[in-house]
Amino acid sequence: MDQQQRLSKISVALHWIVALAMISLCAVGLVMTENEVWFLYPIHKSIGILIFAVIIVRVVWRLCQGWPQTIRKYAQYEQILAKLVHWVLLISTVLMPVSGILMSGVGGHGIAIFGWELLAPHHSSATPDQALPYNEFWAGVGESGHTIIGYVLIATIVLHVAGALKHHVIDRDATLKRMLGQNISGQ
Ligand code: HEM
Ligand code: HEM
């Protein structure tokens, strides 16, 4: 269980596994779309689907546990901003894989995890090289959602990391140390 002086090992592990995966997937997603690096697409999609399982565990864990208490009282605007940022981060970690799966699956591109096919690509016999969406509207919702939420997520991560560094460097408090698994009683 999370305590004010110490976060549980599960909370710390889930935070860093998902954080690392989200940052890497955003970087790979941007590089592959900007530069048309086609071999990265299946890698991006496979890791995105696999990490979705961890994300579900993380969200259930966080909703059952409640949010960690702050280590001390902060200005009200800071508390509200931090809570808002944490909610946006948590919700985006769910919406990114869901929109990605919608875009690829409903868009007819197929879904696979490192070659293990979960949904075959969908083609018409007239244009066998082109994916044929099962439903253009929902594939479009997935695609726009993935791009828009992707940019919102990146901006929110920047704000979140700036906040974590502010705690560590300017306020010189133990918020970051606690998320690194340290027991901060006495600090
Ligand atoms: C789990 C977290 C994920 C994150 C953080 C993420 C992030 C991103 C980002 C930032 C982009 C670039 C956005 C753009 O320029 O349009 C992107 C592109 C893309 N992602 Fe993801 N992604 C995730 C999961 C997935 C999954 C599960 C799939 C599919 C199964 C997927 C499929 C794609 C595809 C096909 C593109 C290229 C879109 C295009 O060409 O417009 N992603 N992703
Ligand atoms: C280098 C990058 C990161 C650093 C240094 C960092 C640091 C931290 C710190 C210090 C906290 C504790 C805040 C508190 O006690 O109130 C925290 C909480 C949190 N972080 Fe990060 N973080 C990073 C990346 C991310 C990413 C990429 C995500 C999600 C996309 C994320 C999602 C969250 C969430 C949802 C919380 C709330 C507490 C929880 O659910 O465990 N973080 N982070």
Side-chain angles (χ1 to χ4, degrees), residues 2 7-65 67 85-158 160-161 179-181:
D2 289 336
L7 297 179
S8 66
K9 286 198 173 70
I10 296 179
S11 285
V12 173
L14 287 173
H15 173 269
W16 291 112
I17 293 168
V18 173
L20 212 74
M22 289 298 119
I23 294 171
S24 315
L25 284 168
C26 284
V28 170
L30 289 178
V31 167
M32 74 188 196
T33 43
E34 292 299 314
N35 304 297
E36 302 191 342
V37 190
W38 304 118
F39 83 90
L40 284 176
Y41 276 68
I43 299 174
H44 176 88
K45 288 163 65 167
S46 301
I47 296 174
I49 295 167
L50 287 175
I51 200 68
F52 189 26
V54 184
I55 288 170
I56 292 169
V57 174
R58 165 148 165 69
V59 170
V60 171
W61 175 258
R62 184 47 66 226
L63 296 181
C64 291
Q65 291 256 317
W67 296 98
V85 163
H86 291 165
W87 271 111
V88 173
L89 290 173
L90 201 68
I91 292 170
S92 323
T93 54
V94 174
L95 293 181
M96 285 309 281
V98 168
S99 57
I101 290 167
L102 202 62
M103 155 172 57
S104 286
V106 181
H109 297 280
I111 294 181
I113 302 175
F114 293 112
W116 173 38
E117 203 167 74
L118 304 176
L119 179 72
H122 187 228
H123 305 291
S124 88
S125 44
T127 51
D129 295 339
Q130 262 188 335
L132 181 67
Y134 289 101
N135 182 310
E136 292 224 16
F137 174 76
W138 285 110
V141 168
E143 188 170 348
S144 312
H146 206 68
T147 302
I148 295 166
I149 300 161
Y151 284 112
V152 170
L153 174 62
I154 292 168
T156 314
I157 292 174
V158 170
H160 178 63
V161 176
M179 189 45 98
L180 288 167

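When a residue number appears, it is its place in the shown sequence, counting from 1.
In this structure, Val18 and Val54 approach most closely via the heavy-atom pair CG2-CG1, 4.0 Å. The two residues Asn135 and Trp138 make their nearest non-hydrogen contact at OD1-N, 3.1 Å. Residues Ser92 and Pro97 share a closest heavy-atom pair of O-CD, 4.4 Å. For Trp67 against Arg62, the heavy-atom pair with the smallest separation is CE3-CD, 3.7 Å. Of all the heavy atoms in Ser124 and Leu132, the pair that sits closest is CB-CD2, 3.8 Å. The minimum heavy-atom distance between Trp87 and Leu63, with the atom names listed, is CH2-CD2, 3.9 Å.
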side-chain contact (heavy atoms from CB on, under 4.5 Å) for Leu89 and Ile157? Distances and angles first, verdict last. CA-CA 7 Å; Leu89 290 173; Ile157 292 174; 3.9 Å; yes
Quick one, Met22 with Ile51, criterion side-chain contact (heavy atoms from CB on, under 4.5 Å). Give me CA distance, side-chain angles, the key distance, then yes/no. CA-CA 9 Å; Met22 289 298 119; Ile51 200 68; 4.2 Å; yes
I'd like to know whether Val98 forms a side-chain contact (heavy atoms from CB on, under 4.5 Å) with Phe52, so could you lay out the CA-CA distance, the side-chain angles of the two residues, the decisive distance to 0.1 Å, and finally the verdict. CA-CA 8 Å; Val98 168; Phe52 189 26; 3.7 Å; yes
For Leu30 and Ile154: C-alpha separation, side-chain torsions, deciding distance, then whether side-chain contact (heavy atoms from CB on, under 4.5 Å) applies. CA-CA 11 Å; Leu30 289 178; Ile154 292 168; 3.7 Å; yes
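Atoms CD1 and CG, on Ile148 and Leu153 in that order, are 13.5 Å from each other to the nearest 0.5 Å. Between Leu118 atom CG and Ile111 atom CD1 the span is 7.0 Å, to the nearest 0.5 Å. To the nearest 0.5 Å, atoms CD1 (Ile55) and CD1 (Ile17) are separated by 11.5 Å. In this structure, CH2 in Trp61 is found 8.0 Å from CG in Leu14, a value given to the nearest 0.5 Å. Taking CG of Leu90 as the reference point, atom OG1 of Thr156 lies at 12.0 Å (rounded to 0.5 Å). Note: Tyr41 OH to Thr33 OG1 = 5.5 Å, rounded to the nearest 0.5 Å.
Judged by distance alone, the side chain of Asp2 and the main-chain N or O of Leu7 form no donor-acceptor pair under 3.5 Å. Thr147 contributes a side-chain N or O that, together with a main-chain N or O of Glu143, makes up a donor-acceptor pair within less than 3.5 Å. His122 contributes no side-chain N or O that, together with a main-chain N or O of Gly108, makes up a donor-acceptor pair within less than 3.5 Å.
A side-chain donor-acceptor contact under 3.5 Å links Ser99 and His146.
No more than 12 heavy atoms of other residues, nucleotides or ligands sit less than 6.0 Å from atom CD of Glu136.
Proximity of Leu25 to Met96: side-chain heavy atoms (C-beta onward) are nowhere separated by under 4.5 Å. Between Val59 and Val94 the shortest side-chain heavy-atom distance falls below 4.5 Å.
Partners of Trp116 according to the ring-ring contact (aromatic ring centres under 6.0 Å, His included) rule, which considers only residues two or more places apart in sequence or in another chain, do not exist here.
Residue pairs meeting the salt bridge (charged side-chain N to carboxylate O under 4.0 Å, His left out) criterion with at least one member in residues 20-38: none, sequence neighbours excluded.
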